[in-house]
*Asks:* 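First the structure, then my questions, so here it is.
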Amino acid sequence: MSAPRLSSTPLPGIGVRYDLTTRDSRRLSVVAHRDGHRTISAYREDDPDACDLSVRLTAEETATLIDALMPAHHTPNLLSTTDLGLVAERIELPGASHWNGRLLGESRIRTDTGASIVAVLRRAEAIPSPAPDLRLAGGDTLIVIGTREGVEAAAAILGRE
């Protein structure tokens with residue numbers, strides 16, 4: 001078995017193609033399109049020049065796949081767990097949430113679940129230690145810390161329509 005190899009080829013007007021040959025001599029390629037899409041292709045084991053599967057992904061689908069493949073590289077929903085039984089998780093507030101446009105304090109998350117909202121990510125802005133008078137907005141990502149049960153209860157409250 002040889003070490004995995006990665007090469008890149010510019011594709012004028014399209015983007016860049018990355019070719020990976022695995023240590024088992026399997027071939028995969030990713031075309032990074034200029035518009036943010038990615039096309040992932042896998043080639044047949046018996047004929048490395050014959051494409052066996054090709055999937056086109058949106059930028060969002062690509063980010064989700066990166067989360068699955070490299071959670072330490074690209075932060076997944078579960079941020080950390082300690083020996084104390086605490087977890088930190090990202091919870092996205094749906095646009096249709098009952099809490100869209102309401103004050104954070106009205107949710108009573110800490111009182112009812114024991115979990116704490118330690119930050120709110122909104123577009124390109126981070127709001128650390130949000131005050132109870134922060135008005136929540138659909139699309140906000142809330143960083144919640146607590147026990148697994150408390151964080152799950154907070155997610156259920158925040159997902160209420």
Side-chain angles (χ1 to χ4, degrees), residues 4 6 8-20 22 28-42 53-161:
L6 183 68
S8 63
T9 305
L11 302 173
I14 297 170
V16 178
R17 185 182 75 217
Y18 298 93
D19 293 301
L20 171 69
T22 69
L28 300 170
S29 71
V30 176
V31 175
H33 297 268
R34 291 175 25 179
D35 65 2
H37 285 85
R38 300 291 186 265
T39 301
I40 300 174
S41 300
L53 171 72
S54 186
V55 179
R56 186 170 167 94
L57 302 174
T58 65
E60 182 179 15
E61 292 164 338
T62 301
T64 301
L65 181 59
I66 289 169
D67 280 342
L69 293 171
M70 293 288 293
H73 165 73
H74 190 79
T75 307
N77 283 346
L78 184 61
L79 298 174
S80 64
T81 304
T82 69
D83 292 335
L84 299 174
L86 298 176
V87 297
E89 191 167 323
R90 295 171 179 248
I91 300 173
E92 186 171 339
L93 189 71
S97 173
H98 168 78
W99 304 105
N100 186 7
R102 295 181 186 252
L103 299 178
L104 175 60
E106 293 175 21
S107 71
R108 299 180 43 90
I109 295 285
R110 188 176 331 180
T111 302
D112 294 346
T113 70
S116 297
I117 297 171
V118 297
V120 175
L121 308 177
R122 181 176 289 160
R123 296 182 203 85
E125 176 185 17
I127 305 166
S129 302
D133 64 349
L134 175 75
R135 195 162 300 280
L136 297 171
D140 283 354
T141 298
L142 289 72
I143 308 299
V144 182
I145 295 180
T147 63
R148 167 56 52 208
E149 296 80 19
V151 170
E152 288 175 1
I157 290 169
L158 293 166
R160 177 178 152 207
E161 293 186 10

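Just so you know, residue 1 is the first one in the sequence shown, and it goes up from there.
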*Asks:* Have D35 and H37 got a donor and an acceptor in their side chains that come within less than 3.5 Å?
*Replies:* yes

*Asks:* Would the number of heavy atoms belonging to other residues, nucleotides or ligands and lying under 6.0 Å from CZ of R110 be above 12?
*Replies:* no

*Asks:* Can you measure from OG1 (T141) to CD1 (I91) and round to the nearest 0.5 angstrom?
*Replies:* 10.0 Å

*Asks:* Which pair of non-hydrogen atoms, one from V144 and one from A154, has the smallest distance, and what is that distance?
*Replies:* CG1-CB, 4.1 Å

*Asks:* Counting N and O atoms only, with roles assigned by atom type, does the side chain of R56 sit under 3.5 Å from a partner on the main chain of T39, one being a donor and the other an acceptor?
*Replies:* no

*Asks:* Check side chain to side chain donor-acceptor pair (under 3.5 Å) between S54 and all other residues, then give those that pass, not counting sequence neighbours.
*Replies:* S41

*Asks:* Do the side chains of R90 and L121 get nearer than 4.5 Å, heavy atoms only?
*Replies:* yes

*Asks:* Side chain of S97, backbone of W99: donor and acceptor closer than 3.5 Å?
*Replies:* yes

*Asks:* If you round to the nearest 0.5 Å, how far is CZ of R135 from CD of E106?
*Replies:* 7.0 Å

*Asks:* So, using side chain to side chain donor-acceptor pair (under 3.5 Å) as the criterion, who are the partners of N100 when residues are at least two apart?
*Replies:* none

*Asks:* Nearest 0.5 angstrom please: R108 CZ to T113 OG1, how far?
*Replies:* 10.5 Å

*Asks:* For the residue pair R34 and I14, establish whether any side-chain heavy-atom pair is separated by less than 4.5 Å.
*Replies:* no

*Asks:* State, yes or no, whether a side-chain contact exists between V120 and L93 at a heavy-atom distance under 4.5 Å.
*Replies:* no

*Asks:* How close do S107 and D112 get, heavy atom to heavy atom, and via which atoms?
*Replies:* O-OD2, 4.4 Å

*Asks:* Hey, what do you get for CD (E60) to OG1 (T58), rounding to the nearest 0.5 Å?
*Replies:* 5.5 Å

*Asks:* Side chains of D140 and I127: does their closest heavy-atom pair fall under 4.5 Å?
*Replies:* no

*Asks:* Let me confirm one number: the CD1-OG distance from I117 to S129, rounded to the nearest 0.5 Å.
*Replies:* 12.0 Å

*Asks:* Assess the residue pair R17 and V31 against the criterion (side chain to side chain contact (heavy atoms under 4.5 Å, CB included)); give the C-alpha distance rounded to whole Å, side-chain angles, the decisive distance to 0.1 Å, and a yes or no.
*Replies:* CA-CA 4 Å; R17 185 182 75 217; V31 175; 3.9 Å; yes

*Asks:* Do the non-hydrogen side-chain atoms of L142 and I109 ever get within less than 4.5 Å of each other?
*Replies:* no

*Asks:* Could you tell me the separation between the CG atom of L104 and the CG atom of D133, rounded to the nearest 0.5 Å?
*Replies:* 9.0 Å

